[in-house]
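First the proteins, then the strands, lettered A, B, ... as listed; each starts at 1.
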Amino acid sequence: MPVRPERSFFEQDATVVAQELIGKMLFRKTASGTASYIITEVEAYMGEEDQASHARFGKTTRNAIMYAGGGHVYVYLIYGMYWMLNIVTGRVNDPQAVLIRGVTGYEGPGKVGRLLSIDKSFYGEDLVKSSRLWLAHSNHQTAFVQTPRVGIDYAGEFWKSKPWRYLMVQPPQNF
DNA sequence: AGCAAGATCGGT
DNA sequence: CCGATCTTGCTG
């Protein structure tokens, strides 16, 4: 029986939630059934001071849900074609989030959005309660490595160099 | 009202 | 390396 993380899990800092998400199950229920995936790659965005974050200019129409507290879903359309799936973390008015960049077999945030049929209707979805998108603890490998975040050249060296991308360590194929 | 840029991806 | 494709946020 999958156990869903509760509110307090999402209320931690994005860097903490991000590493905890590696190896967790992500469930997506549609008309054709419920599919599950293992999260393999994420990135943390740490608040208004983080110059890589969408919250760096303060609250706007697009990022307002980032201020609503941990457990909500923040989705946005990038380049007119890819829906990015983010999980809001931290407390109310502390706009942190974790971008889901990969699940088993699908590397890249655009592919994750497409695979899970994510669209604007998921903006604000509550992962603590949702019946179409939720997380669950698992027994899968949780070892990870860290690297700088991808695609944030606009953020400046200081924030660009933060090792806030987390990748599951691949188990050896042979030995 | 107009415009530049974007937490990407796939094909040259 | 470049185009696709469209929403957002800033400027005027």
Side-chain angles (χ1 to χ4, degrees), chain A residues 9-24 26 28 35 37-127 130 133 135 144-170:
Chain A
F9 169 74
F10 298 105
E11 287 176 340
Q12 303 175 93
D13 277 350
T15 47
V16 174
V17 175
Q19 60 192 67
E20 293 274 328
L21 284 174
I22 297 297
K24 279 199 167 39
L26 181 58
R28 173 73 170 100
Y37 311 89
I38 298 164
I39 297 173
T40 58
E41 179 182 348
V42 298
E43 274 177 2
Y45 290 85
M46 287 297 285
E48 291 186 344
E49 72 277 13
D50 179 355
Q51 292 304 296
S53 173
H54 286 174
R56 66 191 181 281
F57 298 130
K59 190 190 257 189
T60 64
T61 304
R62 179 174 69 161
N63 68 23
I65 197 66
M66 293 178 79
Y67 292 75
H72 293 94
V73 169
Y74 168 43
V75 293
Y76 63 91
L77 186 65
I78 190 68
Y79 300 113
M81 51 185 101
Y82 303 107
W83 286 99
M84 304 282 106
L85 173 61
N86 297 256
I87 298 173
V88 176
T89 77
R91 300 283 187 154
V92 172
N93 287 328
D94 183 2
Q96 303 185 24
V98 174
L99 170 65
I100 307 300
R101 292 189 55 90
V103 298
T104 38
Y106 296 85
E107 190 176 323
K111 294 177 189 172
V112 170
R114 208 170 44 189
L115 177 68
L116 301 189
S117 302
I118 297 301
D119 60 34
K120 188 151 190 80
S121 73
F122 281 86
Y123 187 91
E125 192 87 0
D126 187 351
L127 294 179
S130 176
L133 185 67
L135 288 167
F144 61 87
V145 293
Q146 296 175 237
T147 80
R149 295 170 292 182
V150 173
I152 54 163
D153 286 347
Y154 57 82
E157 278 308 316
F158 181 78
W159 296 100
K160 225 174 116 177
S161 63
K162 296 285 185 186
W164 290 343
R165 175 181 179 224
Y166 303 82
L167 292 149
M168 182 185 285
V169 173
Q170 300 302 121

Close approaches to DNA chain B from [range], in residue order (heavy atom, under 4.0 Å):
| range | result |
| --- | --- |
| residues 41-50 of chain A | A:Tyr45 |
| residues 98-106 of chain A | A:Leu99, A:Arg101 |
| residues 84-93 of chain A | A:Met84, A:Asn86 |

Judged by atom type as modelled, is there a donor-acceptor pair below 3.5 Å linking the side chain of A:Gln12 to the main-chain atoms of A:Val17?
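Between the backbone of A:Val17 and the side chain of A:Gln12 there is no qualifying donor-acceptor contact (under 3.5 Å).
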I need the full list of salt bridge (Lys or Arg N to Asp or Glu O under 4.0 Å) pairs touching residues 73-86 of chain A, with sequence neighbours left out, sorted by first then second residue.
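Not a single pair qualifies under salt bridge (Lys or Arg N to Asp or Glu O under 4.0 Å).
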Considering only residues two or more places apart or on different chains, which pairs with a residue in residues 61-86 of chain A satisfy salt bridge (Lys or Arg N to Asp or Glu O under 4.0 Å)?
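Every candidate salt bridge (Lys or Arg N to Asp or Glu O under 4.0 Å) pair involving residues 61-86 of chain A fails, so no pair, neighbours aside, qualifies.
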Under the side chain to side chain donor-acceptor pair (under 3.5 Å) test, residues paired with A:Glu11 that sit two or more places apart:
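Testing A:Glu11 for side chain to side chain donor-acceptor pair (under 3.5 Å), a comparison that skips the adjacent residues, returns none.
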List for me each residue that meets side chain to side chain donor-acceptor pair (under 3.5 Å) alongside A:Asp50, sequence neighbours excluded, and say none if there are none.
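For A:Asp50 the side chain to side chain donor-acceptor pair (under 3.5 Å) partners, ignoring immediate neighbours, are A:Arg149.
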Rounded to whole angstrom, note down the P distance from C:dT5 over to B:dG2.
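Per the computed distance, 22 Å lies between those P atoms.
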Using 0.5 Å steps for rounding, measure from the [atom1] atom of [X] to the [atom2] atom of [Y].
| X | Y | atom1 | atom2 | result |
| --- | --- | --- | --- | --- |
| A:Ile22 | A:Thr40 | CD1 | OG1 | 6.5 Å |
| A:Gln96 | A:Ser53 | CD | OG | 9.0 Å |
| A:Arg28 | A:Ser130 | CZ | OG | 8.0 Å |

Indicate for each nucleotide in nucleotides 1-12 of chain C, in 5' to 3' sequence, whether protein heavy atoms under 4.0 Å reach the base (B), only the sugar-phosphate (S), or nothing (-).
---BBBSSS---
Using only heavy-atom distances, determine whether the side chains of [X] and [Y] contain a donor-acceptor pair under 3.5 Å.
| X | Y | answer |
| --- | --- | --- |
| A:Tyr67 | A:Glu48 | yes |
| A:Glu125 | A:Tyr123 | no |
| A:Ser121 | A:Asp119 | yes |

Please list, chain by chain and in numerical order, all residues satisfying salt bridge (Lys or Arg N to Asp or Glu O under 4.0 Å) with A:Glu49, sequence neighbours excluded.
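For A:Glu49, no residue satisfies salt bridge (Lys or Arg N to Asp or Glu O under 4.0 Å) once neighbours in sequence are set aside.
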State whether A:Tyr154 places a side-chain N or O below 4.0 Å from either non-bridging phosphate oxygen (OP1 or OP2) of B:dA7.
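It does, given that an N or O in the side chain of A:Tyr154 lies less than 4.0 Å from OP1 or OP2 of B:dA7.
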Which atom pairs, donor and acceptor, lie under 3.5 Å between side-chain atoms of residues 74-85 of chain A and protein residues at least two apart or in another chain?
unit_1  : atom_1 : unit_2  : atom_2 : d
A:Tyr74 : OH     : A:His54 : ND1    : 2.7

Looking for any heavy atom pair under 4.0 Å, which part of the strands does A:Arg114 touch: base, sugar-phosphate only, or nothing?
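Touches sugar-phosphate only.
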Annotated structure of DNA chain C as dot-bracket, pair cut-off 3.5 Å, Watson-Crick or G-U only, | for inter-strand, is ||||.||||||.
Acceptor/donor pairs from residues 101-116 of chain A side chains to any protein atom, 3.5 angstrom cut, sequence neighbours excluded:
unit_1   : atom_1 : unit_2   : atom_2 : d
A:Arg101 : NE     : A:Glu41  : OE2    : 2.8
A:Thr104 : OG1    : A:Ile38  : N      : 3.4
A:Lys111 : NZ     : A:Glu107 : O      : 3.4

In whole angstrom, what separates A:Lys160's NZ from B:dG6's P?
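Answer to the nearest Å: 12 Å.
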Atom NZ of A:Lys111 to atom P of B:dA7: distance rounded to whole Å?
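My rounded result for the distance is 19 Å.
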Which pair of heavy atoms, one from A:Gln19 and one from A:Thr15, lies closest together, and at what distance?
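For A:Gln19 and A:Thr15, the tightest heavy-atom pair comes out as OE1-O, 3.3 Å.
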